[in-house]
Amino acid sequence: MTETPEVRTILYIEDDPASRTLVERTLRYAGYRVLVAERGILGIDIARKEFPDLILLDINLPDLTGREIATTLRADPKFDRTPIVALTAQGMREQRNMSMAAGFNGYLTKPLDVEHLPSQLEFYLGGGHDETDAAAITEGQSRYVKEVVIRLEKRIRELEAYNADLSRLDSLKDAFINIAAHELRTPLTLLIGYNRLLLENPYVKSMLADDDGARMLTDGMAQSIARMQSIINEILTISRIITNRLELSVAPVSIAETIQRAMAFYSTTLSERKLKVEVNTVGAPSRMLADWELMELTLRNLLGNAIKYTPDGGTVTISVTADPGEGPEDTTVRISVKDTGIGIPIDSLDRIFERFNTTSDPMLHSTSKTSFRGGGIGLGLAVAKGIVEAHGGRIWAESAGFDPERCPGSEFIIVMPLMAMSRRGVTGGLTSITSKI
Ligand code: ADP
């Protein structure tokens, strides 16, 4: 039985498409397996994954230079023996010395000699190495170090300028979000007012009393208005959180009442979707110092998610406990909202608190926010996090993973100082402070 000759792999890193095609075709025709990369970083990634038998590369690439690629690969013992060969238009002696100092085995200059390329590469594949003397390497090394340092400085300056641009764009986006939400709120306020007047009009009232169809329309309109209002408020709150303008009105808050109000907000949905909410506050402190409106919003967001991501008939458990800590000042309240829903992928547990991070299907965004896996814009948890942190607390999620069949459930846990603001000099009563998030 004849042995099939082993096909060797050559990785060619070159940004010029014409050279890439020519070399690729030539080497394929000569029987090699050829991998190509048009940028240095991509080339390094391919090399680390595929371990080619030889790496052929250009020196002038848009990201890393060929020399930097060689240095990076040579730093890894796995590439100790891999032939690295330059194929470049840089024909000067200094450039060659620098490249040999960076770890190349060979230095081929363009124009490309297509006919002899395979035999030239065979030389390196067989362990061949271009001749170089020690003096040339020393000279190449010192030049190469200077080249790298100069390029590094240039790169850092470019990245800093780029970063400044991104920060500016980010601020513009934040300002835009804020302005857009404010602009939308004005006509919405009018819409709410006109709608109320309309519903209070005696003619309309008597018509609605007799006409189920018309009442369905006005109910639908009221629901849509309420939804729009809650989205706009969510955007405004997140905008305040981003720009450090979230005002906390801190006062003693009844924890149980805040939970009850959040539940009352979803009472219709809870009964329609046959979801049970169990509240366990045994042994919990009855009051805490916090901004009740923002705390209610936080609980509403967590409960709303528990409803949204739990199939009909499931259970949501809200538990409150206290941890006394070292002394009264250190007492913390722990609020947990646990559901029997679809769960969260373990690698997303942190990411879901980022702004506009949503797994909801955008196609469902027009459907109810409280239907199973209904729409959302990915702000609820970011708002909750901003509010909890503004109170000096922490919020995180726990779940055994995402599984809509088995429904492993999710738990959202808030730990907040019982007297969040006392450490900042607030002793109770109605106080307004600006958060420092
Ligand atoms: P939205 O619900 O509008 O998408 P949120 O910020 O409230 O935005 O939530 C972000 C993402 O976190 C959701 O898209 C969902 O993937 C996940 N998530 C939040 N709460 C739950 C939960 N109780 N169960 C499963 N996934 C959840």
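As a basis for the values below, the full set of heavy atoms in this structure was taken, side chains included, without hydrogen atoms, waters or symmetry mates. Each ligand, and each atom within it, is numbered from 1 in the order the structure gives.
With a heavy-atom cut-off of 4.0 Å, Phe412 touches ligand 1 through its side chain alone. When non-hydrogen atoms are compared, ligand 1 lies under 4.0 Å from the backbone of Leu379 (N, CA, C, O) but not from its side chain. Within the 4.0 Å heavy-atom criterion, both parts of Asn305, backbone and side chain, lie near ligand 1.
Taking every heavy atom of Gly380 and a limit of under 4.0 angstrom, the matching atoms of ligand 1 come to 5 (P), 6 (O), 7 (O). Those atoms of ligand 1 with a heavy atom of Ser410 less than 4.0 angstrom away are 22 (C), 24 (N), 25 (C). Residue contact check: Lys308 has heavy atoms under 4.0 Å from atoms 1 (P), 2 (O), 3 (O) of ligand 1. Less than 4.0 angstrom separates some heavy atom of Ile344 from each of these atoms of ligand 1: 25 (C), 26 (N), 27 (C).
A salt bridge between Arg151 and Glu153 is absent, with no side-chain N of the basic residue lying under 4.0 Å from a carboxylate O of the acidic one. Using a 4.0 Å cut-off between charged nitrogen and carboxylate oxygen, Glu354 and Arg351 do not count as a salt-bridge pair. With salt bridges taken as basic N to acidic carboxylate O contacts below 4.0 Å, one links Glu296 and Arg300.
By the neighbour-count criterion of 12 heavy atoms within 6.0 Å, atom CG of Asp312 is densely surrounded, having more than that number from other residues, nucleotides or ligands. At most 12 heavy atoms of other shown residues, nucleotides or ligands fall within 6.0 angstrom of atom NZ in Lys146.
With Phe353, Tyr309, Phe402 as candidates, the residue nearest to atom 18 (N) of ligand 1 on a non-hydrogen basis is Tyr309.
Using a distance-only test at 3.5 Å, with no hydrogens or angles considered, no donor-acceptor pair links the side chain of Arg143 to the main chain of Met98. With hydrogens and angles disregarded, a donor-acceptor distance shorter than 3.5 Å links the side chain of Arg67 to the backbone of Gln95.
Distances between N or O atoms of Leu381 and those of ligand 1 include at least one value under 3.5 Å.
Using a 4.0 Å cutoff on heavy atoms, Gly343 counts as a contact of ligand 1.
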